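To start, the structure itself, in structure tokens.
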Amino acid sequence: MNAIAPQEYKSDLKPIWCPGCGDYSVLTALAKALAELGRPREEIALVSGIGCSSRLPAYTSVYGFHGVHGRALALATGLKIARPDLTVLAAGGDGDGLSIGGNHFLHACRRNVDMTYLLMDNQVYGMTKGQASPTTAPDWCESKLTPLGPGVSPVMPLHLALASGVNFFARGFSGNPNELARLILEGIRHPGFSVIHVLSPCVTFRPEQRAWKQAVHAETVPPETEPAAALARFAADDGFATGVLFAGTRKAFMPERATRREWRDYEARFAA
Amino acid sequence: MNAIAPQEYKSDLKPIWCPGCGDYSVLTALAKALAELGRPREEIALVSGIGCSSRLPAYTSVYGFHGVHGRALALATGLKIARPDLTVLAAGGDGDGLSIGGNHFLHACRRNVDMTYLLMDNQVYGMTKGQASPTTAPDWCESKLTPLGPGVSPVMPLHLALASGVNFFARGFSGNPNELARLILEGIRHPGFSVIHVLSPCVTFRPEQRAWKQAVHAETVPPETEPAAALARFAADDGFATGVLFAGTRKAFMPERATRREWRDYEARFAA
Amino acid sequence: MDIDLSLPQPAVEAAPDGAAAFALAITGSGGAGAMRAGEILLEAASRAGLYGVMTRAMGPQIRGGEAAALLRLSPAPVSAPADRFDLLIAIDWDNFTRFTEEVPLGPTSLVLADPDQGPVPQPVADAGARVLPLPCKALVRKVAGGRANMVALGAAARLLGLPLALLEDVVAAQLGRKGDEAMAANRAALALGAAAELPELPHRLSPAADRAVRWTMSGNQATGLGVLAGGVRFVAAYPITPATEVLEWLAPALAETGGVLVQAEDELAAINMAIGGAFGGVPAMTATSGPGLALMTEALGLAVASETPLVVVDVMRGGPSTGIPTKSEQSDLDIALHGMHGDAPHLVLAPNGIGDCRRTAEWAVGLAETLQTPALVLSDQAMGQARAVLPPPPPATRTPGRRVAEPGTPGYLRYVVTDDGISPMARPGTPGGAHVADGLEHTPRGAPSAAARDHAAQLAKRARKLEGFDVGPDWADAEGEGNIAILTWGSPTAAAREAAARARALGIAVRVISLRLLLPAQPDRLAALLAGVDRALVVEQSHGRQFHRYLRAFYDLPAEVEVFARPGPLPIRPGEILDRLSHWEDAR
Amino acid sequence: MDIDLSLPQPAVEAAPDGAAAFALAITGSGGAGAMRAGEILLEAASRAGLYGVMTRAMGPQIRGGEAAALLRLSPAPVSAPADRFDLLIAIDWDNFTRFTEEVPLGPTSLVLADPDQGPVPQPVADAGARVLPLPCKALVRKVAGGRANMVALGAAARLLGLPLALLEDVVAAQLGRKGDEAMAANRAALALGAAAELPELPHRLSPAADRAVRWTMSGNQATGLGVLAGGVRFVAAYPITPATEVLEWLAPALAETGGVLVQAEDELAAINMAIGGAFGGVPAMTATSGPGLALMTEALGLAVASETPLVVVDVMRGGPSTGIPTKSEQSDLDIALHGMHGDAPHLVLAPNGIGDCRRTAEWAVGLAETLQTPALVLSDQAMGQARAVLPPPPPATRTPGRRVAEPGTPGYLRYVVTDDGISPMARPGTPGGAHVADGLEHTPRGAPSAAARDHAAQLAKRARKLEGFDVGPDWADAEGEGNIAILTWGSPTAAAREAAARARALGIAVRVISLRLLLPAQPDRLAALLAGVDRALVVEQSHGRQFHRYLRAFYDLPAEVEVFARPGPLPIRPGEILDRLSHWEDAR
Ligand SMILES: Cc1ncc(C[n+]2csc(CCOP(=O)(O)OP(=O)(O)O)c2C)c(N)n1
Ligand SMILES: Cc1ncc(C[n+]2csc(CCOP(=O)(O)OP(=O)(O)O)c2C)c(N)n1
Ligand code: SF4
Ligand code: SF4
Ligand SMILES: [Mg+2]
Ligand SMILES: [Mg+2]
């Protein structure tokens with residue numbers, strides 16, 4: 001194990017990201033986590049949607065699927081259920097995962113398939129040049145589509161995930177890639193569906209997010225394990241505590257499949 | 001006010017519902033609530049998706065839209081924002097609202113448009129003849145699609161709604177149409193988005209739901225008004241407490257619209 | 001009662017091979033058991049050595065509501081709808097007028113109706129059918145626990161000449177679990193029906209001479225069997241009428257043959273899950289109907305662009321929008337052919353009968369896997385939910401299957417531009433094969449590219465792999481000779497074949513060409529089949545003439561073309577096609 | 001340096017009216033300011049009395065990445081892409097090879113490149129263009145805060161004969177808020193460029209004689225103006241490239257004209273919200289691009305079935321799937337025409353130029369409201385994101401608008417079957433008008449019905465209201481005479497017109513027929529426009545020949561048809577069309 005250098009999990013493509021984008025560090029943390037995990041590249045698959053963040057797979061050297069906007073979790077679910085032997089990850093932005101993809105997020109939390117989701121949150125639609133996302137504050141007025149601010153209360157990924165039955169939730173910050181790598185690895189190792197909520201600043205459309213460096217703080221209390229207790233404890237969460245916040249004990253979803261019959265047995269029944 | 005009889009809010013179409021279906025009483029309760037409200041029929045609109053429960057509009061005498069599966073809340077949102085003068089309601093089943101329509105439920109809660117949603121929950125897809133819905137218990141084995149049970153932890157509408165920022169949440173039971181009528185009326189009168197979670201048994205595919213009569217119990221503690229407190233208090237909710245459970249104070253979403261300019265003013269700018 | 005039991009001599013309708021076919025309908029409100037009676041009769045007919053088909057006419061109610069079992073039985077294989085019903089047994093007339101048009105009657109029809117259930121509806125009376133009383137409810141009142149539908153069944157058996165013992169056996173097999181008492185009541189009720197005062201029918205059905213194996217299946221089950229036989233082991237789907245039975249058949253079958261079915265949260269999830277499964281190397285499919293298909297087109301485009309094989313079965317129902325969920329129509333052709341944005345070459349197939357669902361679905365899996373692109377299979381409610389007793393349907397011809405990349409292929413490029421347009425696909429787990437499947441336009445390696453040359457090369461490659469593939473003769477079924485052709489697809493094919501057989505008997509030479517593969521279009525192959533044809537009758541079940549427009553867009557048609565297009569839910573009947581053929585002939 | 005400043009005499013390209021047109025490109029990596037330089041030049045040209053158009057060639061990067069501003073300027077209105085560029089100024093060559101094909105050069109082209117930015121890329125050298133050094137970065141190093149793009153701009157102005165003072169004014173207007181110091185640096189840099197050692201260009205642009213009013217707008221803005229002028233006051237949408245600017249223009253405009261724009265959670269919500277708004281009586285629209293349109297087709301079917309007016313603008317980009325978001329293509333025609341399940345008659349319109357977006361979008365609103373059905377408007381990235389200086393585009397011809405039910409209409413039936421197929425629509429709030437709009441098939445009253453007769457009646461009514469409506473002559477633009485016709489739609493129309501003008505100058509009589517209304521098809525009207533034509537050249541920007549197939553399916557075409565179909569991102573250039581016309585002529 002761990003004979004592989006993190007660099008081996010990166011590809012040679014130059015990211016299209018803006019200089020300074022938080023996503024570079026997410027890539028670094030992911031490569032580090034995969035190197036720690038030590039599985040060969042071909043046994044890992046990374047699925048994404050559409051957005052700056054969703055470009056991630058092309059910059060890794062594992063199997064990847066860059067799908068359509070909002071459906072990364074559905075595609076990853078199918079892949080993992082069809083191929084339980086693979087380590088499956090999904091990644092994407094706050095728009096991809098919580099706006100157009102909100103339903104799949106909700107149902108992935110409930111379904112609890114053993115895979116890990118990197119929710120790369122910059123509180124904005126980066127790729128389409130700066131509109132409000134579901135995690136954007138109601139009074140953010142920089143988008144031409146919502147010049148008076150979106151005026152809608154933001155989604156709290158932690159609350160939404162807990163209410164939907166998530167089995168593992170950690171929060172990381174791209175500015176702290178070592179901690180993030182550790183969280184990703186823990187998420188991969190935890191059975192069932194794990195969400196790694198990554199605060200990953202968009203320096204182009206949300207330059208003020210450079211201040212996140214000051215806002216984040218490590219959670220010191222150990223992770224909650226009971227959903228009800230977690231809902232109660234994190235009800236007033238500020239959104240900047242990093243670390244593993246919840247680690248549940250639900251059994252991962254994986255339908256049994258037997259091979260006791262040939263399909264011809266089923267054919268034969270029609271002749272009865 | 002209240003010169004109109006509840007019957008006036010019903011149409012003369014015979015419901016397609018099975019004898020004994022809980023939805024009959026939802027119709028009764030709705031008519032009663034509208035009669036109490038006392039607004040003329042033409043100032044009310046009821047929007048639904050597809051499902052047994054979503055047939056509701058045809059059986060009322062108000063303006064209605066029987067849309068496509070899962071999109072009732074989106075359509076209702078558009079209608080209310082375009083026509084703030086109307087009283088807008090939406091209705092539909094647990095499949096319509098939480099499976100295919102889960103994303104719009106989540107975002108309707110956040111957006112907080114002033115309208116009322118009757119979520120008619122029978123923990124099954126009635127119209128398509130009995131498959132598991134998001135509120136179905138993981139070990140319910142009666143559907144041919146999931147003969148070993150869906151195996152997925154059910155959505156708790158209350159938790160999901162609270163986590164998504166809902167502004168009013170009540171739970172009613174079709175077996176108690178008078179209480180239900182009161183809850184609907186309160187929901188309509190409460191500013192912002194109100195969810196009335198109605199336990200409405202499917203006697204055909206979930207005959208065991210006849211036992212809900214025994215399971216429901218009136219909530220005696222007054223409604224919570226702070227989201228965080230509500231999340232904490234209802235973390236271990238059993239799903240059968242009826243009454244108003246949450247009544248928040250967020251301002252309803254309604255974009256300002258001024259009429260200070262003619263569209264020709266905008267045309268003129270191109271000639272600059 | 002003083003009843004005239006003589007009957008006018010009907011013009012005997014014939015199955016394609018000329019054997020007599022008998023059409024009967026049993027109607028009654030949802031609770032009356034008309035459907036059950038129909039199912040029992042079909043099974044009994046099968047055991048008696050007959051072939052047959054039963055379709056259902058239903059209202060939207062989940063329970064109760066109007067319902068009719070529509071059967072056609074014959075000593076030879078038969079599946080087209082009858083021109084008119086020889087026999088209608090009405091247990092009651094509840095809401096029957098909602099679908100009278102679906103149960104055509106004429107002066108040669110016999111109607112048995114319970115006089116206690118009110119007067120015969122006007123359209124039935126207008127048809128000039130002979131109406132005789134069969135007081136099902138009154139008769140059965142004498143039998144404790146007896147049900148009116150069993151009286152109807154007894155009467156039907158007697159008229160058809162089916163032995164009562166056979167009926168009893170089938171009732172026991174289907175309803176035996178309800179206990180001995182119920183069974184005794186059923187037997188008594190059957191006997192009452194069989195003993196009722198009834199005319200002799202002018203023609204009886206003699207069982208088939210051959211005792212060949214018969215299968216009993218619905219089109220939806222045949223579709224399930226086809227995809228299973230084709231190798232599908234991953235299914236993700238969201239329930240929808242009338243496709244759900246495909247899934248219901250598959251769920252247990254997959255679970256025992258190493259596969260899995262996942263109920264998704266919606267169609268968007270279903271198809272993306274299926275794409276994920278297929279990317280994982282497991283042949284995958286989903287099944288839906290029009291509204292669900294509409295939600296899947298974005299991901300279908302992803303499957304095209306990322307070259308992921310996939311089968312999507314669309315069991316068509318009345319449209320547009322939610323339309324008529326329980327009734328059949330062929331109006332999803334347009335969306336299946338053209339429903340994706342961008343240039344998105346893909347496969348579209350359509351079974352042309354209940355049994356053919358098996359072959360076509362299996363072939364669809366093979367073609368999709370071979371050509372690494374989605375295959376849409378257009379079935380419909382009429383064949384999907386109909387149940388038939390039929391000869392064992394043939395399997396699909398073999399296809400090469402998925403071309404996979406070997407482990408450690410040097411310089412592996414997922415989207416390498418090849419002569420035949422097919423690029424080896426590396427299954428995750430294959431060392432040296434890691435790549436990113438992408439819905440963005442890409443280089444041969446799979447890196448996103450906006451360059452004109454990459455776009456042109458990949459578009460051409462994706463088109464070429466379909467256009468250049470030799471699909472073989474199964475792309476269409478063709479029969480007959482002559483200068484007139486019936487061009488059709490899907491469900492109306494059975495009616496077209498029967499019409500052609502009858503036309504030939506009248507001395508009109510007719511070809512029937514039924515397209516099984518709609519995309520990629522096969523202009524040269526159709527031209528060959530149409531050689532010598534100067535008149536074509538296009539037959540389809542849509543209002544917008546979708547099939548005709550498709551033919552115009554992709555093929556050169558004979559000089560003279562007539563179109564017989566009618567929307568659902570009325571099926572296209574052989575006699576209607578025959579009418580058009582003979583009028584045409586007369587006009588010459 | 002010893003530079004030969006003499007230039008070969010170019011074959012002057014001409015705008016449709018014969019006036020000289022000049023094409024230039026400014027390229028540089030995303031941060032270099034090539035786009036800004038282009039915008040300033042366009043504005044300066046406008047002030048100098050010229051017309052022109054600027055398109056953008058961009059990479060997928062949000063910031064940085066390759067970029068080129070592509071301009072064409074002329075004393076007469078001009079909007080087609082040039083056959084080749086007269087002038088290319090390269091601030092740097094970063095990733096220029098990713099889109100070299102989009103900047104065609106030839107032996108008559110002049111290339112000004114910064115020699116410090118590396119060698120001239122091979123394709124540029126291969127084109128045989130005259131390359132001269134313009135050391136932008138070195139020159140500007142002397143100016144504190146000076147930027148290289150201003151040097152390029154100064155040089156371009158000098159070559160075009162635009163006064164430096166004019167450039168300074170425009171720079172001040174566009175960049176003035178950056179402060180005096182920056183402005184001084186800009187001025188100095190401009191002057192350096194203008195003073196550089198440069199050849200005299202063989203042709204200069206003389207400003208237009210007329211001082212007619214010119215508008216400056218992008219196609220996306222024109223679309224926004226059109227829907228606003230058409231009466232749209234409710235918009236719900238989800239951002240997507242390249243449609244977002246339609247929404248960005250509309251958001252503030254709506255907020256001040258009594259309307260509202262809602263950013264929805266996804267396209268499914270967006271279109272359903274719009275349907276809700278339209279049902280409420282407020283003309284509504286949404287705008288999207290291919291992937292979003294794919295997600296909207298289910299709800300489009302709902303709008304058809306429920307007869308709810310609605311406008312959906314699709315600003316097309318490269319497909320299939322996510323495709324090439326920043327580049328243009330005409331490949332969403334198929335899905336727009338046929339993308340709904342069931343028989344779903346609806347409207348499809350397409351602007352055929354930047355200014356025409358205004359008229360077509362406005363007309364789309366009017367037709368949708370009049371005919372109570374969705375209208376799809378197919379714009380594309382090329383016209384949507386291009387910015388043009390053009391004559392004020394004409395408004396749309398008037399339409400009757402929504403037929404509304406009066407309060408208290410006795411026995412009001414929402415879907416009453418009328419002769420013209422249009423049924424009065426009751427706006428919520430209207431007493432006596434309450435009804436349920438339904439996507440299920442329904443009776444005239446709107447009650448769900450599965451009966452064949454209701455289905456047939458409503459299908460026929462929905463088809464009739466479109467087919468029977470007199471759309472007037474604006475459905476297509478036709479010009480010219482002769483037995484050859486160019487049949488086209490959308491963006492390539494400008495190139496077709498220019499090609500036809502040049503062909504006429506060569507003595508080839510050519511008609512140009514550009515379809516603005518694609519559905520309902522107008523076979524009689526096209527037949528009239530094609531009278532006397534025996535050869536047609538179909539021109540479209542798709543790989544799959546979607547427009548040609550559409551024409552085959554819906555129209556009778558001349559005996560001889562040739563198709564010039566090419567996918568994006570390369571635009572169709574006038575010279576390419578001219579080539580085909582003259583080869584054809586030669587072959588006679
Ligand atoms: C169906 C569809 N709708 C819209 C888009 C346009 N689109 C691309 S990325 C994106 C949002 C990106 O935001 P996010 O997911 O937060 O990613 P980020 O760029 O911020 O990392 C949108 C709306 C699309 N590609 N497909
Ligand atoms: C897009 C689409 N997918 C699937 C369906 C089929 N369908 C109709 S109703 C329904 C579920 C109904 O369940 P629910 O919303 O709980 O309503 P209920 O019938 O139980 O009241 C489904 C899956 C459809 N009409 N449209
Ligand atoms: S736009 Fe924002 S999110 Fe996208 S690459 Fe640039 S910094 Fe990163
Ligand atoms: S199936 Fe269930 S939900 Fe539907 S009408 Fe019958 S009882 Fe009600
Ligand atoms: Mg984001
Ligand atoms: Mg339900």
Side-chain angles (χ1 to χ4, degrees), chain A residues 11 13 16 40-48 50 55 57-58 60-83 85-86 88 101 103-104 106-108 110-111 253-267 269-272, chain C residues 213-217 221-222 224-225 228-229 233-234 236 249 253-262 264-266 268-282 284 298-299 301-302 306 308 358 392 407 426 428-440 446-448:
Chain A
S11 80
L13 286 185
I16 60 154
R41 299 184 286 206
E42 63 269 15
E43 294 173 9
I44 299 166
L46 173 59
V47 177
S48 70
I50 298 293
R55 291 275 183 150
T60 72
S61 63
V62 301
Y63 278 84
F65 208 123
H66 187 206
V68 289
H69 191 38
R71 316 294 165 205
L73 284 173
L75 205 151
T77 297
L79 176 57
K80 178 67 186 183
I81 294 179
R83 289 292 304 280
D85 57 310
L86 301 174
V88 175
N103 205 31
H104 310 304
L106 188 172
H107 288 280
R110 305 175 51 214
R111 196 177 278 116
F253 175 88
M254 185 52 69
E256 292 296 316
R257 68 208 88 182
T259 46
R260 357 170 210 282
R261 288 183 199 282
E262 293 292 310
W263 68 264
R264 288 207 179 277
D265 298 348
Y266 283 88
E267 182 178 65
R269 295 184 188 182
F270 291 114
Chain C
V213 180
R214 283 150 179 63
W215 286 13
T216 305
M217 68 195 326
Q221 291 173 333
L225 175 62
L228 193 70
R233 291 298 178 274
F234 183 81
W249 188 87
L254 284 165
E256 299 210 315
T257 55
V260 49
L261 180 143
V262 185
E265 55 268 33
D266 59 19
L268 304 160
I271 188 165
N272 280 283
M273 285 180 184
I275 291 173
F279 172 74
V282 182
E298 192 206 8
L302 175 63
S306 66
T308 310
R358 180 238 200 277
T430 308
H435 64 274
V436 179
D438 206 330
L440 276 174

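In this text, all values refer to a predicted model and were calculated from it rather than measured experimentally. Chain naming here is simple, since letters A, B, ... match the order of the sequence lines and numbering starts at 1 in each.
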> Is the A:F270 ring parallel, tilted or perpendicular to the C:W249 ring (thresholds 30°, 60°)?
Replying inline: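 Aromatic pair A:F270/C:W249 classed parallel.
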Which atoms of [X] are under 4.5 Å from chain A, going by heavy atoms: the side chain, the backbone, both sets, or neither?
X      : value
C:A278 : neither
C:A269 : both
C:S306 : side chain
C:P431 : both
C:A229 : both

Taking C-beta and beyond as the side chain, do [X] and [Y] meet within less than 4.5 Å on heavy atoms?
X      : Y      : value
A:F65  : C:T308 : yes
A:E42  : C:P407 : no
C:L254 : C:F234 : no

Tell me, for [X] versus chain C, whether the close heavy atoms (under 4.5 Å) come from the side chain, the backbone, both or neither.
X      : result
A:P40  : neither
A:R83  : side chain
A:E262 : backbone
A:A271 : both

>> Just so I understand: if I count every heavy-atom pair under 4.5 Å between each of A:G67, A:A258, A:G101, A:A58 and chain C, which residue has the most?
In response: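 Most heavy-atom pairs under 4.5 Å with chain C: A:A258.
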>> Counting heavy-atom pairs under 4.5 Å with chain C, which one of A:D265, A:T259, A:N103 comes out on top?
In response: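 Result: the option with the highest number of such pairs is A:T259.
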> Which heavy atom of A:P57 sits nearest a heavy atom of A:G64, and at what distance?
Replying inline: CB-CA, 4.4 Å
> Between C:V282, C:V260, C:L261, which shows the greatest number of heavy-atom pairs under 4.5 Å with chain A?
Replying inline: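 Most heavy-atom pairs under 4.5 Å with chain A: C:V260.
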> In terms of heavy-atom pairs under 4.5 Å with chain A, which of C:G429, C:P428, C:G280 leads?
Replying inline: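 Of the options given, most contacts go to C:P428.
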>> Run the side chain to side chain contact (heavy atoms under 4.5 Å, CB included) test on A:E43 and A:V62 for me, step by step, so that the C-alpha distance in whole Å, both residues' side-chain angles and the decisive distance to 0.1 Å come before the verdict.
In response: CA-CA 8 Å; A:E43 294 173 9; A:V62 301; over 6 Å; no
> Given C:N272 and C:L302, is the side chain to side chain contact (heavy atoms under 4.5 Å, CB included) satisfied, shown in steps?
Replying inline: CA-CA 9 Å; C:N272 280 283; C:L302 175 63; 4.0 Å; yes
> Side chains of A:R71 and A:H104: do they bring a donor and an acceptor to under 3.5 Å?
Replying inline: yes
